[in-house]
Amino acid sequence: MIKFLYDGNKITAGLYGEIDHHNATIMREKLDLSIKENIPEELILDFENITFMDSSGVGLIMGRYKLMNELDGKIIIKNTSPQIKKIMKLSGIDKLAQIL
Amino acid sequence: MNILNEMKLSFSATSKNESFARAAVSSFIVQLDPRVDELADIRTAVSEAVTNSIVHAYRKQSGMVYITVKILENRIVYIQIKDRGCGIEDISKAMEPLYTTAENEERAGLGFAVMESFMDKLSVKSRVGYGTSVFMKKKLSSNGAEE
């Protein structure tokens, strides 16, 4: 569900499948474990292989945004589909995190 | 308005069934040959409503979620999602964007905002102690195959 790539102070988390309330809970644990173990300066969330996302994905990003903020790091979101962009725009998260 | 086709579904209010619920609704609607983005909108709205029932209505208690989908004339899709959970005390407050009662579970408080913006019509009926029903409608564009 998540493929991690470590490169110096960066973590790229390649997310796979569908992000709903059920899967977000599992992804959240895995992401937090990796962040807390590595304290990266940059967390890149790659949505290329996400086939569905509802507002649970917004909660997932917001939570990681807060955590990275506490660690003085930043979060970058990339490869979002038009549907995912639509939800992100509605939530205003596009103003908090950098979306590539 | 005439009902051209209809389906009813009930399932346990467990988070594992969120993907099943949206897959089932979208398989039923595929007969209208909707545009990819319209189908994605419906899938997302259904996911939000079902998640509300599971997370908020039943909390950690067991219960059932009921879905009715009707295909009406003129490519109108009508969806009702019902639970017999705790009910909503103040519907207008619950519908405010970013309002949530499950903050520590990282709920963004956007469920109703997504349903409202992805569907054409949304209405909510609720009675504390008895449950909640969400009604949604969307008219599909005529880009797909006609009836």
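Residue numbers begin at 1 in each chain, while the letters A, B, ... track the order of the sequences.
- Ranked by heavy-atom pairs under 4.5 Å with chain B, the first of A:V58, A:I93, A:L60, A:I61 is A:V58.
- Shortest non-hydrogen contact noted between B:R43 and B:R22 is O-CB, 3.7 Å.
- Ion pairing between B:K16 and B:E18 fails under the 4.0 Å rule for side-chain N and carboxylate O.
- A salt bridge links A:R28 to B:E106: one of the charged nitrogens lies within less than 4.0 Å of a carboxylate oxygen.
- Ranking B:D41, B:N17, B:V36 against chain A, the residue ahead of the rest is B:D41, based on heavy-atom pairs under 4.5 Å.
- Using a 4.5 Å cut-off between heavy atoms, B:S19 touches chain A through backbone and side chain atoms alike.
- Both the backbone and the side chain of B:S47 come within less than 4.5 Å of a heavy atom of chain A.
- A side-chain N or O of B:T101 and one of B:H56 form a donor-acceptor pair less than 3.5 Å apart.
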